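Because the structure is predicted, anything quoted here is derived from the model rather than measured.
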Amino acid sequence: MQGEDLRLTGIQAALVAAVRTGVASDSRTFARRLGLAHALVLRELNALAEQGAIRIDGRDARTMRTRYSLAS
């Protein structure tokens, strides 16, 4: 993924790859599977959304679990 877009961080590239392959489409699942802090994943996910690479589909206000998909 980073080869396609050199601006992506490692975590951002992994987020895109995870949703493309169906490994994870929400932030909590992604964080748990990769052993990362959820707050770090949320920061990278929000940066991707600002770039237009992914679309935020919903957020759970209590847990901050964020569902996302690839932008069209």
Side-chain angles (χ1 to χ4, degrees):
M1 295 306 312
Q2 283 181 304
E4 292 178 22
D5 188 345
L6 298 176
R7 296 173 298 167
L8 294 178
T9 67
I11 294 173
Q12 290 173 348
L15 281 161
V16 173
V19 76
R20 278 188 181 174
T21 60
V23 170
S25 61
D26 72 80
S27 59
R28 287 258 181 216
T29 300
F30 180 84
R32 185 179 66 249
R33 289 196 173 171
L34 272 70
L36 298 170
H38 187 234
L40 178 60
V41 172
L42 289 174
R43 183 180 73 193
E44 298 293 337
L45 194 57
N46 287 328
L48 280 173
E50 288 176 10
Q51 294 172 18
I54 58 104
R55 181 180 63 236
I56 302 294
D57 296 325
R59 295 183 198 265
D60 182 301
R62 186 179 58 83
T63 65
M64 295 304 296
R65 180 183 302 261
T66 302
R67 290 176 302 289
Y68 66 99
S69 59
L70 292 175
S72 307

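Pairing each heavy atom of Ser69 with each of Val19, the nearest pair is CA-CG2, 3.9 Å. The two residues Ala71 and Gly52 make their nearest non-hydrogen contact at CB-O, 3.1 Å.
Residue pairs meeting the salt bridge (charged side-chain N to carboxylate O under 4.0 Å, His left out) criterion with at least one partner in residues 41-50, sequence neighbours excluded, are absent. The salt bridge (charged side-chain N to carboxylate O under 4.0 Å, His left out) analysis of residues 59-72, with sequence neighbours excluded, yields the pairs Asp26-Arg65.
A distance of 5.5 Å separates CZ of Arg28 from OG1 of Thr63, quoted to the nearest 0.5 Å.
Here Leu42 is tied into one hydrophobic group with Met64, each link being a pair of ILVMFWY side chains closer than 4.5 Å.
Listed by chain and number, the residues in a side chain to side chain contact (heavy atoms under 4.5 Å, CB included) with Ala49 are Ile54, Ile56 (sequence neighbours excluded).
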What verdict does the side-chain contact (heavy atoms from CB on, under 4.5 Å) test give for Arg20 and Leu70, after you've listed the backbone C-alpha separation in whole Å, the side-chain angles of each residue and the deciding distance to 0.1 Å? CA-CA 7 Å; Arg20 278 188 181 174; Leu70 292 175; 3.5 Å; yes
Yes or no on side-chain contact (heavy atoms from CB on, under 4.5 Å) for Leu15 and Tyr68, after CA distance, side-chain angles and deciding distance? CA-CA 9 Å; Leu15 281 161; Tyr68 66 99; 3.3 Å; yes
Extract all donor-acceptor atom pairs below 3.5 Å that involve side chains of residues 30-41 and protein atoms in other chains or at least two apart in sequence.
residue: Arg33; atom: NH1; partner: Val23; partner atom: O; Å: 2.5
residue: His38; atom: NE2; partner: Ser27; partner atom: OG; Å: 2.7

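You'll find the side chain of Leu8 reaches within 4.5 Å of the side chain of Gln51, heavy atoms only.
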